[in-house]
Participant: 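Pasting in a structure now, in structure tokens, and then I'll have a few things to ask.
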Amino acid sequence: MNMGIALRRPPIAPAAVVLGALMLLGFVVALIRYASGLGAISNLNDNYGWGLWISFDLLCGVALASGAFVTTSIVVLFGGERYRPLIRPAILTGFLGYLMVILALLVDLGRPERIWYLIIFWNHHSVMFEVGWCVMLYTFVLALEFSPLVFTRLGLQPPHRLIHAFIVPLAVAGATLSTLHQSSLGSLYTILPDQLDKIWYTPLLPLMFWLTAVAVGPAMVILESTISSRVFRRGLELDLLGGLARWIPFILAAYILVKFGDLAGSGELDLLVDWNLESGLFWLEVMGFAFLPMVLFSLPAVRQSNAWLLFSALLVISGVILSRFAVSLIAIGRPEFAASYVPHPLEFAVTIGIIAWGVAVFWFAARYLPLFVKHTHSPAGEQA
Amino acid sequence: MAKMAILFDAFRCTGCRGCQVACKQWNDLPAEETRNTGSYQNPPRVSADTWLVMQFREVDNGDDGLAWAFGRHACMHCVHPACVSACPVGALYKTDEGPVLYHNDRCIGCRYCMLACPFEIPTFQWNEGLFEGAEIKKCTFCIDRLSAGMEPACVHTCPSGALMFGERDELISVAEARIQEHPERYIDHVYGKDEAGGTSLLYISPVPFQELGLPELGTEPIQEKSEDIMTKATPAVLVTMLVGLSGIYWVVKRRQEMMGKKTGARGR
Amino acid sequence: MTNDWTDIKNSDCILVPGANPAENHPASMAWVNEARDKRGAKLIVVDPRFTRTAATADLYVPLRSGTDIVFLGGLMNYAIQNKLYNEEYVKYYTNALTLVNTDFEGPADLDGLFSGYDAEKRAYDTTTWQYQTEKQTVTVTETDPDTGEEVTVEKEVSVIKQATSLDDPNCVFAHLKKHYARFTPEVVEQVCGTPKDKFLQVAETFCATGAVDKSGTIMYAMGQTQHTVGTQNVRSMAMLQLLLGNIGIPGGGVNALRGESNVQGSTDMALLFHILPGYLGTPRDVDVDFAAYSRRFDTTSYWVNGPRFFTSLMKAWYGDAATKDNDYAYDYVPKITGNYSWITLFEAMYGGNIKGMVCMGQNPAVGGPNARFERKAMENLEWLVVMDLFETETASFWKGPAVQPKDIKTEVFLLPAADALEKAGSIVTSGRRSQWRPQIAAPPGEAKYDIWILTRLANALKDVYAPSSDSKDSPIIDLVWDYGDEPDVELVAREVNGYALEDVKDSSDKVLVNKGELIATFGTIASAADPGTIACGNWLFGGYFYPTDDGTGAVMPAVKRRGQKDPSPYGFYPYWGFTWPANRRIIYNRASARPDGTPWSEDKKVIWWDGDAGKWTGYDVPDFSATKAPDAKADPAKTGLGAQAGTDPFIMQSDGKGWLFAPVKLNEGPFPEHYEPLESPIENPISSVQNNPVIKLWDTDRGEDVGDNVGTADQFPIICSTYRVCEHWQAGAMSRTLPWLAECQPDMFLEIGEELAQEKGINNGDQVVVSSARGRIQMVAVVTKRWRPFTVDGKKVHQVGMPWHFGWQGVATGEVANDLTAHVGDGNTMIPEYKVFLVDVKKA
Ligand SMILES: Nc1nc2c(c(=O)[nH]1)N[C@H]1C(S)=C(S)[C@@H](COP(=O)(O)OP(=O)(O)OC[C@H]3O[C@@H](n4cnc5c(=O)[nH]c(N)nc54)[C@H](O)[C@@H]3O)O[C@H]1N2
Ligand SMILES: Nc1nc2c(c(=O)[nH]1)N[C@H]1C(S)=C(S)[C@@H](COP(=O)(O)OP(=O)(O)OC[C@H]3O[C@@H](n4cnc5c(=O)[nH]c(N)nc54)[C@H](O)[C@@H]3O)O[C@H]1N2
Ligand code: SF4
Ligand code: SF4
Ligand code: SF4
Ligand code: SF4
Ligand code: SF4
Ligand SMILES: [Mo]
């Protein structure tokens with residue numbers, strides 16, 4: 001290593017300073033919350049018991065972490081061997097994603113110290129119960145799926161082998177659990193037949209949430225690969241990503257069909273021309289963030305262009321974020337309460353702080369763990 | 001004990017708020033710091049410190065004159081409570097006698113109950129930290145009074161006879177009889193008899209129930225869809241996924257193996 | 001109240017003009033609703049503002065503040081024109097047939113005035129208002145004062161002349177008809193701003209209770225009284241009820257919903273300057289001795305016993321120092337020389353003529369009219385004692401708005417008082433029912449019950465004067481104050497009830513009550529040979545502490561009873577507490593029977609004549625001589641009730657009749673006539689007399705900010721009214737200090753109609769400034785549909801309103817409404833005109 005170059009670099013990169021500051025801020029805000037209650041740092045109120053954290057950190061976070069189960073399923077279960085290089089970062093992203101969700105929950109829950117009560121007190125009628133259990137179990141599955149990297153790094157072969165023996169059941173469990181809770185995040189809102197705007201309310205919400213989660217999985221892999229290829233200055237697996245992207249249009253098409261079919265089925269198509277906030281959001285999502293990327297991803301030219309891929313992926317991601325916010329925050333509640341919740345800056349601080357922690361850990365993992373395998377098939381590295 | 005309920009007769013209610021204050025007094029709830037924002041209604045809504053709020057709405061009926069509608073806003077003690085269905089840990093529960101109650105020592109503070117309740121009832125202690133232990137708060141139907149053979153504090157205090165406590169079936173008959181006797185006074189409907197599968201708070205009113213702050217609800221329990229999903233769809237999806245995914249894997253693997261044999265490619 | 005709270009349930013129509021019982025007497029609504037449920041009664045609210053009572057009413061009718069005489073007069077006119085009045089009742093039980101002096105002229109003839117007005121004195125010579133009388137010579141038996149023997153003497157007495165028919169042009173009814181003929185539905189609409197059809201709906205519904213088997217009640221309070229024409233407002237209601245035969249029967253009556261929880265009791269106990277306990281008139285300077293004072297009492301009504309009641313009162317106050325020889329210490333009683341009402345006192349205080357003030361349980365700094373002026377007046381006090389539960393605005397008037405504490409020399413003493421629940425005693429409800437309340441909690445800190453404080457004060461005063469031999473100090477030295485050192489309230493109750501100082505005998509020497517025992521009824525004082533053998537603090541409460549059956553056989557002081565037995569179908573509950581007089585639930589109940597003594601209707605019967613037993617019987621204690629037959633003739637030779645006939649139910653009136661026409665007692669005329677409030681946006685449409693011609697106007701500091709300026713419509717075009725809200729109590733010390741109530745109504749507010757708000761660019765929740773000729777205050781605007789403009793005399797006028805509960809102390813604070821009100825009072829009672837004054841409203 002060239003000592004001269006190393007010396008010229010500042011001991012701590014400015015990015016790291018910013019990251020550290022954000023992490024610290026998030027941490028301090030969380031401490032205030034624990035000392036003085038949620039009211040001290042958030043604008044959550046009795047009209048809006050769920051705010052930014054549920055909409056973004058939980059709903060979007062879980063959806064955006066779906067890359068892990070989608071990729072794992074493709075590789076392990078559906079025989080998509082050639083995508084194997086994507087699997088490790090996807091699992092790490094997913095795992096971190098879920099850890100971040102749990103971190104956010106530890107801030108958002110009124111009684112975070114009791115989060116484990118889910119294990120001992122059961123109410124199997126509660127969607128929340130399902131979400132809780134699936135998230136717990138799936139995080140555990142992810143941890144197992146991720147653990148070989150650590151074992152490899154530490155040179156521990158026996159546990160590595162043990163996990164490896166279960167790789168298929170783990171993938172089956174992961175996909176099952178993910179399907180269940182990705183969808184049941186949507187089911188959470190099926191208990192709001194009267195409070196959620198009609199254009200957004202449907203008993204098919206779980207299906208919609210699942211479909212969008214499946215669609216956004218590859219999109220997230222595209223995003224994450226693009227970013228890490230730049231940050232870590234490694235080559236981009238453009239062909240692999242393009243291959244993944246091929247599947248997205250089918251899912252988006254299914255989604256669009258379900259959306260319109262559902263409205264048609266319940267005879268509520270006329271809501272589409274109400275031209276209010278809710279229908280506006282609907283059109284924006286369906287046209288801008290489902291139909292448009294569907295078209296784009298189906299074009300080979302797009303799939304072969306790094307920039308177009310990224311753009312299209314971002315569209316899908318935005319669509320998921322928009323739909324989650326619409327269902328959980330915007331198209332919900334009584335109009336007279338609408339003005340009563342605007343996220344407090346410190347709520348953003350928590351969200352950003354958690355993301356900062358996630359990024360830091362990812363960066364750390366990327367540096368110290370064998371995260372990225374060469375694009376060429378290498379017998380040694382392929383089994384993660 | 002039979003299923004207990006409260007009948008609120010909006011025709012008789014004078015909006016005196018005796019009930020609202022009695023609730024605070026009996027339950028020892030602190031006062032909130034409020035401001036007059038152009039209405040008699042205060043505190044603006046139910047909260048952890050206020051479990052019952054009388055709502056004030058002015059309704060212009062044109063030539064028929066003016067109505068000043070006083071609506072009671074407190075837990076409805078639903079027959080099929082959405083909040084109970086929603087609570088992942090069973091902290092909220094429905095008693096046989098009617099009241100929907102809360103185990104504060106079980107609650108994890110997820111606030112899904114707040115979301116689920118169609119009447120916007122459960123509220124949260126936003127300003128309690130980890131050490132005080134924030135809780136969900138709402139009307140308890142004065143369970144402590146009930147178990148001592150007394151009627152709820154709000155009912156007890158009502159000077160005009162607008163509130164009545166009794167067995168749900170009987171109160172429904174009382175309500176229907178009042179409507180029948182004075183059809184000119186009331187809208188021909190007992191709110192809560194069937195709404196959302198029925199509630200333990202029953203309303204009769206001279207003005208549309210929305211003017212009392214009540215949502216328009218169907219007759220099926222709020223949680224019907226989500227419980228269907230939980231009890232029917234989820235197990236089905238679970239089994240389908242496990243079987244389906246394993247099946248796919250098996251098929252894919254067989255094909256790969258066959259192809260592998262043919263091509264002689266490595267495979268483990 | 002002529003009737004009781006529970007009795008409202010017996011009504012067929014409940015008229016609420018100028019009260020807001022849902023907010024201010026919430027418990028009454030239970031009875032209102034019962035009447036509506038069980039009898040199909042209608043509830044009618046007549047109020048300038050749509051109140052919470054209006055919200056629950058069957059019919060709400062708006063009227064401009066200060067015009068009830070026209071409205072009620074319109075109702076009377078309607079009843080007369082449509083012959084809906086109870087003719088038999090009117091003929092026998094009222095003075096309708098009584099002939100009036102032929103010189104009498106009324107506002108119909110004299111453009112708003114009655115005959116006899118003296119503009120300079122702002123007073124009437126009432127000669128022309130008197131009844132026509134004729135002289136009759138009668139033979140009377142009298143006791144010769146010197147020899148003590150009975151002698152028969154010839155005497156000339158004047159007997160009131162009666163017409164034979166209601167059509168006689170000189171009878172009261174003819175005058176009444178003529179007077180009210182002016183108040184047509186059109187005039188009601190023109191003056192009150194009440195739409196004609198709405199008025200007619202009220203007229204039709206309420207006047208239907210003129211039927212003999214129906215009764216209508218009137219629940220009224222400050223909306224009627226707090227006007228420069230307050231007394232005449234109240235009279236209008238009484239007259240309407242007389243016409244409809246609604247007085248003396250269940251579900252009828254004129255029912256004043258009294259204010260403070262024991263204001264009825266305190267009025268009974270004479271917390272007013274012009275009366276002594278039991279409504280005995282206060283001696284005036286012209287009543288030079290007891291004999292002169294005694295002549296003030298009617299001799300042809302039950303008041304003939306007035307001097308006897310006075311005598312036993314003096315015995316209660318002065319004991320042995322009150323003797324027959326010294327006129328029962330008549331000279332000890334201070335004589336009044338004029339008006340000592342609130343407004344007068346504060347004017348005097350402002351003038352520097354009052355040195356000190358003791359404020360026991362009141363808060364004039366907030367509650368008094370033109371409160372800023374009154375606070376200014378208080379600055380002239382050398383000392384001020386406030387006995388209260390809280391440090392009120394009065395106790396802290398030196399911290400009030402725009403006051404520099406250092407400029408104020410008044411020494412203020414705050415004596416912490418125990419509240420109602422922290423001491424035992426009796427209180428009297430509006431229904432005249434007294435109930436004993438035990439102490440249920442110890443007073444906090446150094447707080448003491450009022451009698452304890454007063455006892456200290458009395459004893460200290462007595463100590464100061466003890467050495468004096470000056471006769472002017474005797475009233476204090478001789479005052480009996482024997483309730484103990486830790487005063488025992490039961491001893492006070494005993495004295496109020498009345499007890500025998502020595503054996504009480506009747507004229508035939510029969511012992512009525514043994515020495516030391518309580519009297520069972522004030523009748524004992526009336527029939528005692530010597531009323532001076534009894535000490536009675538208030539004749540009306542005679543028997544209230546007397547050991548009585550509670551209906552279950554248990555015997556206890558009547559006032560402590562809680563017996564729930566009710567022999568009547570009406571909810572009289574005679575075994576619960578004690579209702580003065582004589583535990584009677586409906587006064588004037590003789591009128592519940594026809595002149596012949598049979599009930600008007602099965603449904604409304606209270607007492608009736610039992611010919612066989614030779615007495616009145618029924619569900620209530622007869623308000624009549626129990627054995628006087630319906631056909632008994634009035635005997636002009638007799639005094640007292642003997643001078644009245646068996647058909648004269650109003651035994652406290654000199655002629656035994658209900659007065660449709662008041663020849664005496666009212667300053668501004670025998671009939672109520674409409675005058676505009678002191679401040680009004682229009683000219684009186686009825687006559688050229690703008691204001692009540694007999695009200696007293698002060699001109700303290702006219703032109704200066706704080707004085708009694710009169711606002712005019714050009715500067716202050718909007719009518720304003722002050723009132724209460726359910727959530728607060730009065731001047732606010734008792735509710736604004738209570739967080740639970742403060743949170744319900746946290747701020748001072750102005751209720752303003754949508755139209756006016758829009759005109760003024762005011763949005764709901766904005767801060768606004770309201771100004772009158774006396775001051776300006778700021779508050780939150782509550783823009784509401786419940787105030788609507790009136791069309792009066794062809795002009796659109798707006799009215800706004802505000803609560804008067806706010807001040808600077810306590811949890812919920814706000815500016816003082818009374819900084820805007822005028823220092824002017826009613827022509828008879830001097831109750832301030834809180835309900836109408838002119839303001840302007842601006843966005844702050
Ligand atoms: N909650 C509560 N209850 C109280 C009190 C309290 O402070 N708070 N105070 C007690 C006391 S001391 C009293 S005296 C009573 C008073 O009891 P109320 O007389 O009922 O009290 P207010 O609200 O002053 O006035 C009654 C109504 O008169 C209307 N009004 C104003 N001007 C006129 C008019 O010219 N004509 C007619 N027809 N109506 C008019 C007002 O709009 C108001 O609605 O309440 C007693 N009860
Ligand atoms: N603008 C306007 N002004 C009004 C009126 C209106 O309608 N409009 N209404 C008028 C009417 S009707 C009334 S009655 C007056 C009332 O005027 P106030 O009598 O001056 O008003 P309150 O606030 O009732 O004052 C009673 C005080 O007694 C104290 N207190 C309570 N219990 C006890 C006790 O046992 N012992 C002692 N020592 N103190 C006690 C309370 O704390 C309170 O401060 O206001 C009048 N002022
Ligand atoms: S009203 Fe809401 S909180 Fe009350 S029982 Fe029903 S769902 Fe639960
Ligand atoms: S906040 Fe508590 S009571 Fe409400 S759903 Fe969550 S765990 Fe149950
Ligand atoms: S039942 Fe009890 S807790 Fe519920 S609103 Fe009434 S007083 Fe309050
Ligand atoms: S106490 Fe009765 S009358 Fe008063 S607001 Fe409550 S329900 Fe209505
Ligand atoms: S405030 Fe007191 S006196 Fe008045 S209605 Fe209520 S309980 Fe009765
Ligand atoms: Mo009063």
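Letters A, B, ... mirror the listed sequences (proteins, then strands); counts begin at 1.
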Participant: Identify which part of Gln223(B) has an atom lying under 4.5 Å from any heavy atom of chain A, answering side chain, backbone, both or neither.
Facilitator: both
Participant: Can you give me the closest heavy-atom contact between Ser226(B) and Thr190(A), atom names plus distance?
Facilitator: CB-OG1, 3.1 Å
Participant: Based on non-hydrogen pairs under 4.5 Å, which of Tyr48(A), Trp122(A), Phe121(A) is most in contact with chain B?
Facilitator: Phe121(A)
Participant: What option among Trp50(A), Phe78(A), Tyr34(A) has the most heavy-atom pairs under 4.5 Å with chain B?
Facilitator: Trp50(A)
Participant: With only heavy atoms counted, which part of Ala48(B) is less than 4.5 Å from chain A, the side chain, the backbone, both or neither?
Facilitator: backbone
Participant: Below 4.5 Å, heavy-atom pairs only: which of Val76(A), Leu38(A), Ile120(A) has the largest tally toward chain B?
Facilitator: Leu38(A)
Participant: Do the side chains of Leu245(B) and Thr176(A) get nearer than 4.5 Å, heavy atoms only?
Facilitator: yes
Participant: Given that the side chain runs from C-beta out, which part of Thr234(B) has a heavy atom under 4.5 Å from chain A: side chain, backbone, both or neither?
Facilitator: both
Participant: Do you know which two heavy atoms are closest between Pro88(B) and Met128(A), and how far apart they sit?
Facilitator: CG-CG, 3.6 Å
Participant: Select one option (side chain, backbone, both, neither) describing which atoms of Ser36(A) are under 4.5 Å from chain B's heavy atoms.
Facilitator: backbone
Participant: Please find the pair of heavy atoms, one from Gly110(A) and one from Ala134(B), that lie closest to each other, and give the distance.
Facilitator: O-CB, 4.4 Å
Participant: Does Lys137(B) have more than 12 heavy atoms from other residues, nucleotides or ligands lying within 6.0 Å of its NZ?
Facilitator: yes
Participant: Determine which pairs satisfy salt bridge (Lys or Arg N to Asp or Glu O under 4.0 Å) with at least one residue from residues 194-211 of chain A, sequence neighbours left out, and list them in order.
Facilitator: none
Participant: Of the backbone (N, CA, C, O) and the side chain (C-beta and beyond), which part of Val89(B) lies under 4.5 Å from a heavy atom of chain A, both, or neither?
Facilitator: both
Participant: Using every non-hydrogen atom in the two residues, find where Asn123(A) and Cys87(B) come nearest and quote the distance to one decimal.
Facilitator: ND2-O, 2.7 Å
Participant: Sort out for me which of Gln256(B), Glu120(B), Met114(B) touches chain A most, counting heavy-atom pairs under 4.5 Å.
Facilitator: Glu120(B)
Participant: Shorter than 4.5 Å, heavy atoms on both sides: which option in Thr231(B), Val237(B), Asp228(B), Leu242(B) has the most such pairs with chain A?
Facilitator: Leu242(B)
Participant: Specify which of Leu188(A), Ile32(A), Thr179(A) makes the most heavy-atom pairs with chain B at under 4.5 Å.
Facilitator: Leu188(A)
Participant: Heavy-atom distance under 4.5 Å to chain A: side chain of Val84(B), backbone, both or neither?
Facilitator: backbone
Participant: Judged by atom type as modelled, is there a donor-acceptor pair below 3.5 Å linking the side chain of Asp46(A) to the main-chain atoms of Ser47(B)?
Facilitator: no
Participant: Is it the side chain or the backbone of Cys117(B) that comes within 4.5 Å of chain A heavy atoms, both, or neither?
Facilitator: backbone
Participant: Could you tell me which portion of Leu109(A) (side chain, backbone, both or neither) has an atom closer than 4.5 angstrom to a non-hydrogen atom of chain B?
Facilitator: both
Participant: Taking Trp126(B) for the side chain and Asn43(A) for the main chain, is one N or O donor matched with an acceptor at less than 3.5 Å?
Facilitator: no
Participant: With only heavy atoms counted, which part of Ala35(A) is less than 4.5 Å from chain B, the side chain, the backbone, both or neither?
Facilitator: backbone
Participant: Can you tell me which of Gly133(B), Ala196(B), Pro118(B), Gly244(B) forms the most heavy-atom pairs within a distance under 4.5 Å of chain A?
Facilitator: Gly133(B)
Participant: For Ile229(B) versus Pro203(A), what's the shortest heavy-atom pair and its separation?
Facilitator: CD1-O, 3.9 Å
Participant: Where does Arg106(B) contact chain A at under 4.5 Å (heavy atoms): side chain, backbone, both or neither?
Facilitator: both
Participant: Is Phe124(B) close to Leu44(A) at the side-chain level, that is, under 4.5 Å between some pair of heavy atoms?
Facilitator: no
Participant: Quick one: what part of Leu205(A) sits under 4.5 Å from any heavy atom of chain B, side chain, backbone, both or neither?
Facilitator: neither
Participant: Which bit of Val131(A) is near chain B, if near means a heavy-atom gap under 4.5 Å: side chain, backbone, both or neither?
Facilitator: neither
Participant: Looking only at heavy atoms and a cut-off of under 4.5 Å, which of Gly109(B), Ala82(B), Ala116(B) has the most pairs with chain A?
Facilitator: Gly109(B)
Participant: Would you find a donor on one side and an acceptor on the other, under 3.5 Å apart, between the side chain of Tyr112(B) and the backbone of Phe129(A)?
Facilitator: no
Participant: Could you go through Leu115(B) and Ile191(A), starting from their C-alpha distance and side-chain angles, then the distance that decides it, and tell me whether this counts as side chain to side chain contact (heavy atoms under 4.5 Å, CB included)?
Facilitator: CA-CA 8 Å; Leu115(B) 192 74; Ile191(A) 206 164; 5.5 Å; no
Participant: With a 4.5 angstrom heavy-atom cut-off, which part of Ile222(B) approaches chain A: side chain, backbone, both or neither?
Facilitator: both
Participant: So what's closer than 4.5 Å to chain B heavy atoms on Pro193(A): side chain, backbone, both or neither?
Facilitator: side chain
Participant: Examine whether an atom of Glu224(B) lies under 4.5 Å from a heavy atom of chain A, and if so say whether it belongs to the side chain, the backbone or both; otherwise answer neither.
Facilitator: neither
Participant: Which residue pairs pass the side-chain hydrogen bond (donor to acceptor under 3.5 Å, both in side chains) test when at least one of the two sits in residues 104-120 of chain A, sequence neighbours left out?
Facilitator: Asp108(A)-Arg111(B)
Participant: Give the intermediate values and the outcome of side chain to side chain contact (heavy atoms under 4.5 Å, CB included) for residues Glu227(B) and His125(A).
Facilitator: CA-CA 6 Å; Glu227(B) 285 197 359; His125(A) 286 297; 3.6 Å; yes
